[in-house]
Protein chains: 2
Amino acid sequence: MPGLSEIARAAGVSISTVSRVLNRRAGVNEETRQRVLSVLAEMPYTPRGLGALQRTGVIGLLVPELSNPVFPAFAEALETRAARLGYSSLLCNTRSGAPMGEEEYVRMLLARGVEGMVFVSPEITNVEVPLGQAPQPSYYAKLLADGVHMVFLNGATPALDVPDVTVDEQLAGYTATKHLIELGHERIGFVSGPARSLPSRLKRAGWAAALEEHHLPAGSDLVAHAPFSAEGGGQAMATLFETVAPTAVICSSDHMALGVMREAHQRGVSVPDELSVVGFDDIPLAAYSSPALTTLAQPIEEMATAAIDELVLRLDPDRRRPGSDNYTRVFRPRLVVRESTAPPKQDT
Amino acid sequence: MPGLSEIARAAGVSISTVSRVLNRRAGVNEETRQRVLSVLAEMPYTPRGLGALQRTGVIGLLVPELSNPVFPAFAEALETRAARLGYSSLLCNTRSGAPMGEEEYVRMLLARGVEGMVFVSPEITNVEVPLGQAPQPSYYAKLLADGVHMVFLNGATPALDVPDVTVDEQLAGYTATKHLIELGHERIGFVSGPARSLPSRLKRAGWAAALEEHHLPAGSDLVAHAPFSAEGGGQAMATLFETVAPTAVICSSDHMALGVMREAHQRGVSVPDELSVVGFDDIPLAAYSSPALTTLAQPIEEMATAAIDELVLRLDPDRRRPGSDNYTRVFRPRLVVRESTAPPKQDT
DNA sequence: GAGGTTGTTGCAAGGTTTTGCGGAATTGTT
DNA sequence: AACAATTCCGCAAAACCTTGCAACAACCTC
């Protein structure tokens, strides 16, 4: 919407100068250049050629990382659905290199003429982002005000009027724990992601609810926090082994669960005989570990489809339906029992 | 360089019509639209606003798929290195949806103002692409002629003057096979990717060379082709079990190797006691399977660094060094021995 | 078969961005 | 302190893209 003139006025220079800065032509003082650039960062400018070219048929997909295979799996499902609807996708790894945060990536995408975007497990999910690099709560709000179309996948926030698609994390935690309780376990640990991660908190709530329902302990000594990674899972499990030695654990992700199983293997603890493990996500490789991982499946395809469909609905003025904002869809996780869970050995 | 008017003249329509096509406005006949689009494909048009904005600081990364974890791993390494040099990356999954091939993706990226790109295992690697959707050999040549900066990663072709970074696939096949021979195996199979894949062919050559060196059989009955996936690996292994029943196999990728191990597990064949398995790539999860996978590591970080550095060198006129085209770097794969290989049981 | 309707295209006006040029400000030199 | 050189910026003209409008053609309807 804003043209060069807006930028120029805000920066206190002439249109010509802004144009020169944008085209990296010589003859602009460094100080002036910086001033213009900072204004440019505030009010995202897309060159008219592209800005007016509204229907680029390109959407952005923002994922927090690529090492946990859920994210590639989500990305692929999202891309496939988008392609079917005639959109091509640009994938961005928001934690790729330290220097570039989610926010800058979004600005870049906007400048590249992206029509809308899907945030997978966005920053906003982190209850307290470390100080300094915190995207202000206003950041997404600003985007929203700018008329950027977006959808959250597994990272809703009630404060914002953005459509979102999620799994019921709490139900997932509850179901996993219940499964273990029914097998006869009584000391059930939780290998959790970082404490600031909202999904991990929700899972913990479900875990605690199931345990309390059966009058089993749900103290914080049964919970070990670690980064989301296989290594993290291994470390957290190491802690639990040393302290409470649970007979079963649930994990924040399959990726962490793999680390847990490796740690058990290295300690000579047999899975599932001596330790039952439940993962989350049902990544494609979960069936290929040995023992094959019992896990709670996110319906990745369905969720991806729902997210893309909702986004496209908002993109395409023809298909836009009347005032159905505040769209939220919650999917139920599905328990997939494989080989990594079994009743506890009775010699406990 | 060419403006709308050029395109219009070439397509035999007015400027207005071209503008309408570009903006996907209604009111253009489908036939006319196609004509304009085909002209547009010939002379890639970048809207003035972006074409002039030459230094966008964005590069494109094209990977063939995301389900095999090597590709996310490469993508992450490439992104990290690019970010360190001040470039942000756009990742594209070229097989995401059927409708969009590698070529269209490249055009799209170019139109989005990408400065250069890295092709990971590009289409060109396929010796004979299925008829019809074949990117003409001239396709990359055309890009090259248009002055697009690119680098091939694991997919060189001597016909083109494009820098490339690869692992020595043949050496990988040789080393893996040699390792198994030294353990005492004599009937060594090869679970290969599709026959048209050049890397698989090279690995096979290395495999055959090692076997022949020790006067061991290397017939085509020991080779089973299947798609690059865990399922594919399982199927290929099933075939081998039924026919030659090897005591060891090497695989085209770790991903396939996981499928092989699963198939063995399901048949009650113990790895490594009754079947030794060697993978390729050393994906991050290779250490987390059980038994942990013996594999040939691609030095992913180093290769990614080399590829990005070479690309950036060509992008940045200041750093460009004199006439050092035809750059090629070959990395040696590294044997990582874990738990999936052992001497054959002597009851054979 | 005439008139109306719908769809497609070019023209020209209007708005936005680029760029050549001149003037002002700053710096260095004598 | 004055002059010259350089750098930097705004003005205005030119180039470019978008869009309303009208013309034309094809098709349908009566």
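Below, chain A is the first sequence line, B the second, and so on; all start at residue 1. Since the model is a prediction, treat every value here as computed from it, not as a measurement.
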Spacing of B:Leu4 atom CG relative to C:dT16 atom C1', expressed in whole Å: 14 Å
Selected nucleotide, minimal atom distance to A:Asn29 side chain, candidates C:dT19, C:dT9, D:dC8: D:dC8
Length of the CD-C1' vector between A:Glu31 and C:dA25, whole Å: 14 Å
Test item: A:Leu85 and A:Asp309 side chains (from C-beta on) under 4.5 Å apart, heavy atoms: yes
List every contact pair, protein side and nucleotides 21-26 of chain D side both N or O, where the distance is under 3.5 Å.
none

Salt bridge A:Glu31-A:Arg35, side-chain N to carboxylate O under 4.0 Å: no
Donor on one side chain, acceptor on other, B:Asn154 and B:Thr166, under 3.5 Å: no
For the student: nearest non-hydrogen atoms of B:Leu311 and B:Gly116, plus distance: CD2-C, 4.1 Å
Distance-only donor-acceptor check, side chains B:Ser16 and B:Ser19, under 3.5 Å: no
Between D:dG10 (C1') and A:Ile7 (CD1): distance, integer Å: 18 Å
Residue-level proximity of residues 10-18 of chain B to DNA chain D when a heavy atom falls under 4.0 Å: B:Ile15, B:Ser16
Side-chain donor-acceptor pair present, B:Asn93, A:Glu76, cut-off under 3.5 Å: yes
Criterion side-chain contact (heavy atoms from CB on, under 4.5 Å) on B:Tyr87 and B:Arg81, from CA distance to verdict: CA-CA 9 Å; B:Tyr87 286 83; B:Arg81 180 63 184 177; over 6 Å; no
side-chain N/O B:Ser5 vs D:dC16 OP1/OP2, d < 4.0 Å: no
B:Met117 side chain reached by B:His149 side chain, heavy atoms, under 4.5 Å: no
